[in-house]
Amino acid sequence: MSYAPAGNIIKSIIREVVKECLAKGQTVSETLATFMVKAVVLDPQNQFNVDRTITKQDVQEVIERCVQRLVDRQSPSVDTIKMQAYFDMHYTSRQEYLKEHRRALQAELIPVTREITDSRAKSRDELETVYGKIVSYVLLRSRMGSATDISTVREAAAALRSVFPQPELGVFIPLSRKDKEQQLEELSMLVTGIRLFNRDRKKGGSTIDDLPAILNESISTSIKHIKFETGASQNLSYQYIALLEGLQAAEIALKDGTVPPEFLKEALYNARQHEAFLGLILADVRVCEEQTQSLQSELHAQMDELKIIVHSKTAVPTAQVFPHFTALAKLWSGLQDEMYLLSILNSMVADLQPFLGAQSWQLPKDQLEIFLEGVEVKTDEQRMKESADNRIDPSEFKNQEWFFPETTVNADTLPFQYKGMCANALIKYGLLLPGNPAVGILKHRNKYHVFSSKKAACQFASNPDESIELVAEQAKSSPELIQLLELHLQFSSVTPYSEMQLGRKHLTQPVAKCDGDTQTDTHPVESNIVKSYKWNEWELRRQAIKLVCVCFTV
């Protein structure tokens, strides 16, 4: 019996993989199962031909191999694929995070909002109940204090009465639902702004957290922690590279072959992927830091302006102060959003750590240190310095385009292929070494390649197309490289966080720098000079008179 290759067959395979993993005591998401199915099918060792008709035996074999790999807790490669699947599911843009956050907040407000908007209260007790619910709504929406804290409720109620006295409920109740919801939002913003202003003047707000100070401290702590985790992963990468280079040069030999080279390569890819994800998260935390500083500056400026308006005045027109209260509330809400984003990013950092488990379990730190005795461990920066002075001579490579940082304005922003890793080091030794732009940047088929050394650059440039194919073959054997090196155009596996970068990175073109001068010639186009041309008006008049005289004579 045979099956035609179709989407529903893939879906059934994924569901079966999830089901069998669960039966073996391991919970697997459909996203992770999808990643693993693609990895198993692409791996040339499994000898799956995706172009022919899929048989029942093929389906069962794919399922078995996927389950076997997913339940393997001692494989850094599987850990890396799991890490990539987790990141694919949880990482998105700031806008998407905030959109989902606001959607959740709105969902929390729906019950109390409906109780207010659907109310047809008439009696005094009913009106008081509705007013109390409006106070609860304001507190829930502002996220400043608990609705169960008496002092907070009293403070919010007092602020609400100053802009919306209870007798005005008589005008509020007959309004349409849409108008009521809009007015509730406006009241919430005004009350929030008033409470913040009173807090700044030390006339209330004791239950409102010092959000700016908390954010500043949290961001600083987060940056330090992410840098520490990144440094740890980088050190692991340096150590694995040193071991692999020593093994390939026959300078060292691991005792009894307890740690095969393939395991070291998988561990290296695992550490590099962790480092790359932490880099993305750190960049987002930096954005949070910038946004927080900007919001705090605006908040202080707005508060100072409001103080000037209400200074020593018993009464101030609402048209003057209400916009400022609303502005304060919006700025404070922005700070709350940054706090939410920071908590999400911190959670992701913590959740990524377990995906380093296989390598740390099979190759503990103390054992790694024993293997590294007498081995020189180089950092990426050291390798960059060593290769910086040995650069490509473009004249040796005809019909190829080379760029260098000192002659290219935007060299540091060019989208280097393979995430800036050296393709030749991967092909020859299975290593992930960062390329050095100082050696030379090769443009081939509108993509920019950098290399770890001049020798690597020469070998790649001698046959770029073949080298690119070899990188793809390497990725089939180690499918985690597809995500790590962003080989999405060569394979069907695409990750959202990469798509956000692909949209703009391939539009970048190098801008070369050069010296030049210009000179304005006396007559740029000699052939256009008309020798009979006269510019003098009186000369033209004389010629006209002569022509008239000739006509009359005739």
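What you are looking at is a predicted structure, and each value in this text was computed from that prediction instead of being measured.
I14 approaches T34 most closely through the heavy-atom pair CD1-OG1, 3.2 Å. F263 approaches Q362 most closely through the heavy-atom pair CE1-OE1, 3.2 Å.
At distances below 3.5 Å, at least one donor-acceptor pair connects side-chain atoms of N436 with backbone N or O atoms of M384. Within the 3.5 Å criterion, the main-chain N or O of S142 finds a donor-acceptor partner in the side chain of Q336. Judged by distance alone, with hydrogens and angles left aside, the side-chain atoms of Q26 form a donor-acceptor pair with the main-chain N or O of L70 at under 3.5 Å.
With sequence neighbours left out, Q359 forms a side chain to side chain donor-acceptor pair (under 3.5 Å) with Y240, N270. Scanning for side chain to side chain contact (heavy atoms under 4.5 Å, CB included) contacts around D118 gives R114, R177, with sequence neighbours left out. Looking at residues two or more places apart in sequence or on another chain, you find a ring pair (Phe, Tyr, Trp, His ring centres under 6.0 Å) between H101 and Y340. The side chain to side chain donor-acceptor pair (under 3.5 Å) check on H225 picks up nothing, with sequence neighbours excluded. By the side chain to side chain donor-acceptor pair (under 3.5 Å) test, D209 is found to be paired with no residue, residues two or more places apart in sequence or in another chain being considered. Applying the ring pair (Phe, Tyr, Trp, His ring centres under 6.0 Å) rule to F355 yields the partners Y86; only residues at least two apart in sequence or on another chain are considered. Under the side chain to side chain donor-acceptor pair (under 3.5 Å) criterion, D72 pairs with no residue, sequence neighbours left out. Checked against side chain to side chain contact (heavy atoms under 4.5 Å, CB included), A423 has the following partners two or more places apart in sequence or in another chain: Y418, F460, V471. For H274, the ring pair (Phe, Tyr, Trp, His ring centres under 6.0 Å) test picks out no residue, with sequence neighbours left out. Taking the side chain to side chain contact (heavy atoms under 4.5 Å, CB included) definition, one finds that Q382 meets it with K378, T379, sequence neighbours left out. The side chain to side chain contact (heavy atoms under 4.5 Å, CB included) check on A85 picks up T31, L32, F35, with sequence neighbours excluded. Taking D465 as the reference, R445 meet the salt bridge (charged side-chain N to carboxylate O under 4.0 Å, His left out) condition, with sequence neighbours excluded.
Side chain to side chain, Q291 and E338 fail the donor-acceptor criterion of an N or O pair below 3.5 Å. Of the N and O atoms on the side chains of Q273 and Q84, at least one donor lies less than 3.5 Å from an acceptor on the other residue.
Looking at T152, I134, T148 one by one, the single match for side-chain contact (heavy atoms from CB on, under 4.5 Å) with L139 turns out to be T152.
When side chains are defined from C-beta on, F228 does not count as touching K224, because their heavy atoms never get closer than 4.5 Å.
No salt bridge links E186 with K180; every basic N to acidic carboxylate O contact stays at or beyond 4.0 Å. Classification of K178 and E181 as a salt-bridged pair fails, no side-chain N sitting under 4.0 Å from a carboxylate O. In summary, D337 and R94 do not engage in a salt bridge, as defined by a charged side-chain N under 4.0 Å from a carboxylate O.
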